Number of protein chains: 2
Amino acid sequence: MTKPDDFDLQAFLPYLLNQAAEEASLGFQKVYKDRYGLLRSEWRVLFHLGIFGRLTATEIGAQGKVHKTKVSRAVQRLADRRLVKRARSEEDRRVEWLELTPAGEKVYRDLREVAQGYEGSLLAQLSEAEMQTLKGMLLKLAGRTN
Amino acid sequence: MTKPDDFDLQAFLPYLLNQAAEEASLGFQKVYKDRYGLLRSEWRVLFHLGIFGRLTATEIGAQGKVHKTKVSRAVQRLADRRLVKRARSEEDRRVEWLELTPAGEKVYRDLREVAQGYEGSLLAQLSEAEMQTLKGMLLKLAGRTN
DNA sequence: GCTTGTTAGTTACAAAAACAACTATTACCA
DNA sequence: TGGTAATAGTTGTTTTTGTAACTAACAAGC
């Protein structure tokens, strides 16, 4: 057994994707965490509601492939901070409709702005065509297309 | 404020990368977890040692951008299972040299095999050229080049 | 030598995530 | 109906991670 052997860890896709994902998340995390004290699961819920308006926790979980306990706790914290408003459904009393409050809207719009600018800076290293290719391939890998 | 607005969360790079990374990790995780009861940080340490031979914990941390406490705990568990052998350095008694045991080698070789096969199946959806492009861009994003 | 600073690695505590069990409500159907 | 299963969401418990403080060993300057 001679070392080093020829396996290239840096090029192993799950590993490489993870490194890229972590790196890419950092810059944005810094903002939502430092500026608003949000967790990853929380900005995600916030964005879902910002984009689609009124949703239930289950719908958010399904759209974002997030476990319901994560959604539940994220919603709890967002509601505590008055960023999200919860309203029990009249038709089905198990269901709770979620919506951003005006304060939540404000945070969402600010973070959306940041997100767009931040993504721009990430993609600045790539050409428009490369960007399209990259996203297409990531979508395939994420199993969102077929 | 009309909903839904035009921000595309699925196409937001940090989000998309995360989804792809998670999805891509699942298949491999299933093997190292179910077959050997390893955690993510553990298979990584195992691979570093399998590839490069004798390393210190600090070197592993630097190469893989992993915090030293994570390495420390991974090494501890690997040593408990007799997959890694630790030896205090004679020149500098703060340093510990880490190496795979024969049992560790065996696990490494098996998992390397699995990794290669698994990556092949992931990349089967892509052409050779696409694969090269994808990895190149991910390397850029991961900040490994420049 | 002795003080101060640095480095390798561990440990302790707090934050977050994963998993399972639970309550409440609705749906199904014999 | 009444009993069983399914669904929405929450709560409790265990793992895992992150952060900071710590011990031990070495380095460097005086």
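Note that the structure is predicted; figures quoted are calculated from it, not measured. Letters A, B, ... are given to chains in the order of the sequence lines, protein chains preceding strands, and every chain is numbered from 1.
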A/M137 and B/L126: side chain to side chain contact (heavy atoms under 4.5 Å, CB included), yes or no, with the steps? CA-CA 8 Å; A/M137 292 189 286; B/L126 309 178; 4.0 Å; yes
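- Regarding A/K65, its NZ atom lies at a distance of 15 Å from the P atom of C/dA18, rounded to whole Å.
- Here B/L78 contributes atom CG and B/L98 contributes atom CG; the two are 9.5 Å apart, rounded to the nearest 0.5 Å.
- B/T101 contributes a side-chain N or O that, together with a main-chain N or O of B/L83, makes up a donor-acceptor pair within less than 3.5 Å.
- Between B/F47 and A/Y15, a ring centre-to-centre spacing not shorter than 6.0 Å is recorded.
- Going from atom CZ of A/R73 over to atom P of C/dA16 covers 12 Å, rounded to whole Å.
- The neighbour count for A/R93 CZ, taken as heavy atoms of other residues, nucleotides or ligands under 6.0 Å away, does not exceed 12.
- Side chains of A/F52 and A/Q63 form a contact here, defined as non-hydrogen atoms less than 4.5 Å apart.
- Note on ring orientation: taking the six-membered ring where Trp is involved, the planes of B/Y32 and B/W43 are tilted (angle from 30° to 60°).
- The backbone N or O of B/L13 sits less than 3.5 Å from a side-chain atom of A/E119, completing a donor-acceptor pair.
- Distances were taken from every side-chain heavy atom of A/R93 (C-beta onward) to each of C/dC19, C/dT11, C/dT26; the shortest belongs to C/dT26.
- If you take CD of A/Q29 and P of C/dA15, they are 16 Å apart, rounded to a whole angstrom.
- If you check C/dA12, C/dA8, C/dA16 against the side chain of B/V95, the one that comes closest is C/dA8.
- C/dA16 atom P lies 15 Å from atom NZ of B/K70, rounded to whole Å.
- Protein chain B touches strand DNA chain D; the 5'-most and 3'-most nucleotides with an atom under 4.0 angstrom of its non-hydrogen atoms are D/dT16 to D/dC26.
- For B/H67 and C/dA15, the NE2 to P distance is 17 Å, given to the nearest whole Å.
- For residues 77-91 of chain B, proximity to DNA chain C is found at B/R86, defined as any non-hydrogen atom under 4.0 angstrom from a strand atom.
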Protein-nucleic acid N or O pairs under 3.5 Å, nucleotides 21-23 of chain C:
none

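- Of the possible polar contacts, one joining the A/R81 side chain to the A/Y36 backbone as a donor-acceptor pair under 3.5 Å is found.
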